[in-house]
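Structure, as structure tokens:
No hydrogens, no waters, no symmetry mates; every other heavy atom, side chains included, goes into these values.
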Amino acid sequence: MQKTPIYLSDKVIPIYKFALIFAFLLSLASFFVGMGFGLFVYLDSGLSFADALIEASLLFLKGAAIAAFIGFVSFLAFWKKYQIRYHNCLKNRVSDCKEISFFRLA
């Protein structure tokens, strides 16, 4: 039977959930901010539309990269916790079997 590491304890898991929500909202915000910044640059300065589109795309990609990294780390933590619970379920721990049965149902 494996013990759950401290970074996967039940007190830390809400931080990973918040990080997933934050990553989702950051990805949406980076899309809209990139579009708004691109329009602002196009209308305010003398740059061409293609140059403004490149600037907007770079801003979006920065936000998307940060959101992807945060989401990857959070999903990795949830996956590791699920693997530990599955391993413990195979070793006949009933509480872990009940916890992962929800994931199997989904």
Side-chain angles (χ1 to χ4, degrees):
M1 178 170 33
Q2 289 183 340
K3 290 189 132 200
T4 305
I6 194 159
Y7 63 90
L8 295 176
S9 68
D10 290 334
K11 293 181 181 179
V12 180
I13 287 296
I15 295 172
Y16 293 123
K17 288 180 183 178
F18 173 76
L20 282 175
I21 294 169
F22 179 74
F24 175 72
L25 293 176
L26 179 65
S27 64
L28 283 177
S30 67
F31 176 74
F32 289 118
V33 168
M35 283 184 5
F37 181 73
L39 286 174
F40 175 75
V41 167
Y42 175 67
L43 295 175
D44 193 45
S45 66
L47 292 177
S48 67
F49 182 75
D51 290 336
L53 184 65
I54 290 171
E55 293 291 328
S57 299
L58 289 176
L59 185 63
F60 165 70
L61 287 176
K62 288 178 189 177
I66 293 170
F69 177 74
I70 293 170
F72 175 74
V73 170
S74 297
F75 274 120
L76 207 68
F78 282 119
W79 181 249
K80 183 65 179 170
K81 186 158 182 136
Y82 178 79
Q83 284 180 331
I84 290 171
R85 285 187 173 161
Y86 181 74
H87 179 65
N88 290 343
C89 178
L90 291 177
K91 300 286 183 183
N92 294 329
R93 266 189 78 191
V94 177
S95 63
D96 286 320
C97 292
K98 288 180 182 177
E99 288 285 332
I100 65 170
S101 64
F102 174 73
F103 289 112
R104 285 188 178 175
L105 178 65

**Fill in**
The side chain to side chain contact (heavy atoms under 4.5 Å, CB included) partners of Ser45 (sequence neighbours excluded) come to Val41, Leu47
**Prompt:** With sequence neighbours excluded, what pairs up with Tyr7 under the side chain to side chain contact (heavy atoms under 4.5 Å, CB included) test?
**Reply:**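 Checked Tyr7 against side chain to side chain contact (heavy atoms under 4.5 Å, CB included); matches are Pro5, Tyr16.
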**Request:** Classify the angle between the aromatic ring planes of Tyr86 and Tyr82 as parallel (below 30°), tilted (30 to 60°) or perpendicular (above 60°).
**Result:** parallel
**Message:** According to a hydrophobic-cluster definition based on side-chain heavy atoms being under 4.5 Å apart (Ile, Leu, Val, Met, Phe, Trp, Tyr only), do Val73 and Ile6 belong together?
**Reply:** no
**Message:** Count I, L, V, M, F, W, Y as connected when their side-chain heavy atoms are under 4.5 Å apart, and connections chain through other members. Are Phe78 and Ile84 then in the same cluster?
**Reply:**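 In one cluster: yes.
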**Asked** Which hydrophobic side chains are connected to Leu43, either touching it within the sub-4.5 Å cutoff or through other members that do?
**Response**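 Members besides Leu43, by chain and number: Tyr42, Phe49.
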**Complete:** Connected to Leu58, directly or through other members, by ILVMFWY side-chain contacts below 4.5 Å are Ile54
Hey, can you pull the donor-acceptor pairs under 3.5 Å for the side chains in residues 18-34, sequence neighbours left out?
unit_1: Ser27; atom_1: OG; unit_2: Ala23; atom_2: O; d: 3.4
unit_1: Ser27; atom_1: OG; unit_2: Phe24; atom_2: O; d: 2.6
unit_1: Ser30; atom_1: OG; unit_2: Leu26; atom_2: O; d: 3.2
unit_1: Ser30; atom_1: OG; unit_2: Ser27; atom_2: O; d: 2.9

**Request:** Write out all pairs satisfying salt bridge (Lys or Arg N to Asp or Glu O under 4.0 Å) with one or both partners inside residues 38-64, taking only residues at least two apart or from two chains.
**Result:**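 Sorted result for residues 38-64: empty, none.
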**Asked** Under the salt bridge (Lys or Arg N to Asp or Glu O under 4.0 Å) rule, what pairs show up with a residue in residues 9-37, not counting sequence neighbours?
**Response** Asp10-Lys81, Asp10-Arg85
**Item:** Shortest non-hydrogen contact between Ile13 and Leu8, atoms and distance
**Value:** CG1-O, 4.0 Å
